[in-house]
**Q** 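The following block contains the structure, expressed as structure tokens.
These numbers come from a predicted model, not from an experiment.
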Amino acid sequence: MRRYAVETLVDEAVKYYFIRDCETLEIVRLPSKYLKHKIKSNRSPNTVKRSAFSICYYLEYLEELSLDIPQVCGLDFEKQNDHFVGFLHWLKAGNHTQENKIRTINNGTCNAYLEDVFRFYLFAEAQDSRIGSLKVLSYSYHVAVNAVGVQKKLRYQSFKGYLKAEERDVRPAEQEEILTLLHACTNCRDQLLLLLLAETGFRIGELLGVRYTHDIDYTHHMVGVYFREDNDNDVRAKNAEYRKAKISQDTYEFLMYYLAEYRELLQHQSYLFINITGETAGHPLKVDSVYDMLKRMEKKTGIDLTPHMLRRYFANIRRKAGWRLEMIQQALGHKHINTTIKYLNIVDDELIEASQEFYAKHSALYGVKELL
């Protein structure tokens, strides 16, 4: 169902897009082809959906300028650069919604939309060379020679017009906050959800995709993340990855208690987390329902907590316990270690203390006293 919705979304927008050469070319619905390509590449539904919106917004921008894609490719470098900088500012001003009632989007989101548009251009060029290529996506090269004379070609992307991204100010959850929410929960399902988020570091979509019949190693107390495309609640493991996390003995016992408490609802399907009341009781729990639960908890306790804050809590408490950075990266499922570093709440005092301890042990490292 999600796939058809995405393609319909784009088809509504591509009425603006034509390759205008009646003698040699037909109308091309490249946006739909591009999204089908993303789907076949196992991109997550949310990624495909964002790409669809990005392309729709850009096509609206082109319509306002009375331009089409080949004409943009035909512009010189400076005009292309101005064109895409203009698109960023067009997004920032909220022009991508007809009613203009959406809250102001941040610079990082604007940049992400443009990056989706650039990927679409590269796809379009690969599909039909007559469309042309973007000069702002060309690369310049600089040859550097290292100390032993080996040449290395360094590549720089030409487009430099991205908006300065704001720092994402997401704090990790505190242990006392987690304890308060656990005692404020009205059922053991929500308690187990909080416990597993804190103990596994899984993304909320990953945890909601866990199936108690296949993904839990009951002997070794391990919970696994598996990539699937057919989850009934539309969740998916990011990056088509697979990994496992070990939970504590106490949490494992609480898991068994939960399975016994809701066995009648759970036995009709395989998902660990389900709706426990109402007409949808027994159906897989969805992400929106988790956020609704956390909002109710906020009104009850005054504590604003999100799944991502619990993920950051996991990273920070493991670092304080002495886990290597690479282990934390692997546990979180990050492709790049720089992403993991951003999760860690390393403050100046800790850096100063670590430096003092280092120099206390290695004060004579450079033989400075001999220089006096």
**Q** Test ring-ring contact (aromatic ring centres under 6.0 Å, His included) on Y61 and H89 and set out the steps.
**A** CA-CA 11 Å; Y61 176 67; H89 289 286; over 10 Å; no
**Q** Return the set of residues passing side-chain hydrogen bond (donor to acceptor under 3.5 Å, both in side chains) with E64 (not counting sequence neighbours), or none when no residue passes.
**A** W90
**Q** Could you tell me whether Q127 atom CD has more than 12 heavy atoms of other residues or ligands within 6.0 Å of it?
**A** yes
**Q** Should the heavy atoms of other residues, nucleotides or ligands under 6.0 Å from CD of E264 be counted, would the total exceed 12?
**A** no
**Q** Which of these passes ring-ring contact (aromatic ring centres under 6.0 Å, His included) with F118: F159, Y113, Y34?
**A** F159
**Q** So which heavy atom on Q80 is nearest to which on V72, and how close?
**A** NE2-O, 3.1 Å
**Q** For F254 and Y257, run ring-ring contact (aromatic ring centres under 6.0 Å, His included): C-alpha distance rounded to whole Å, both residues' side-chain angles, the deciding distance at 0.1 Å, then the answer.
**A** CA-CA 5 Å; F254 196 86; Y257 167 72; 5.8 Å; yes
**Q** Does atom NZ (K300) have a neighbourhood of more than 12 heavy atoms from anything else shown, all under 6.0 Å?
**A** yes
**Q** Let me see the working for K164 and N107 under side-chain hydrogen bond (donor to acceptor under 3.5 Å, both in side chains), right down to the final yes or no.
**A** CA-CA 6 Å; K164 184 178 180 180; N107 292 354; over 6 Å; no
**Q** Assign the ring pair H334 / Y343 to parallel, tilted or perpendicular, where the plane angle (0 to 90°) is split at 30° and 60°.
**A** perpendicular
**Q** How are the rings of Y226 and Y242 set to each other: parallel, tilted or perpendicular (split at 30° and 60°)?
**A** tilted
**Q** Quick one: CD on E60 to CG on L91, what's the gap to the nearest 0.5 Å?
**A** 10.0 Å
**Q** Is the closest side-chain heavy-atom distance between R243 and E206 below 4.5 Å?
**A** yes
**Q** For the residue pair Q191 and L182, what are the closest heavy atoms and their distance?
**A** NE2-O, 2.9 Å
**Q** Nearest 0.5 Å please: distance from the CZ atom of R171 over to the CZ atom of R312.
**A** 11.5 Å
**Q** Assess the residue pair I204 and L193 against the criterion (side chain to side chain contact (heavy atoms under 4.5 Å, CB included)); give the C-alpha distance rounded to whole Å, side-chain angles, the decisive distance to 0.1 Å, and a yes or no.
**A** CA-CA 9 Å; I204 183 60; L193 181 72; 4.2 Å; yes
**Q** Find out if a path of hydrophobic residues (ILVMFWY) with successive side-chain heavy-atom gaps under 4.5 Å connects V210 to M222.
**A** no
**Q** Within the supplied structure, the quantity of interest is the number of heavy atoms (other residues, nucleotides, ligands) at a distance under 6.0 Å from K246 NZ; does it exceed 12?
**A** yes
**Q** What heavy-atom pair brings L75 and K135 nearest, and what distance separates the two atoms?
**A** O-NZ, 2.9 Å
**Q** Excluding sequence neighbours, so at least two apart, what forms side chain to side chain contact (heavy atoms under 4.5 Å, CB included) with I317?
**A** Y313
**Q** Please test Y121 against Y58 for side-chain hydrogen bond (donor to acceptor under 3.5 Å, both in side chains), starting from the C-alpha separation and ending with a verdict.
**A** CA-CA 11 Å; Y121 265 98; Y58 181 66; 2.6 Å; yes
**Q** Near E279 CD, under 6.0 Å, is it more than 12 heavy atoms from other residues, nucleotides or ligands?
**A** no
**Q** When you look at NE2 of H268, are more than 12 heavy atoms from neighbouring residues, nucleotides or ligands closer to it than 6.0 Å?
**A** yes
**Q** Nearest 0.5 angstrom please: K342 NZ to L344 CG, how far?
**A** 12.5 Å
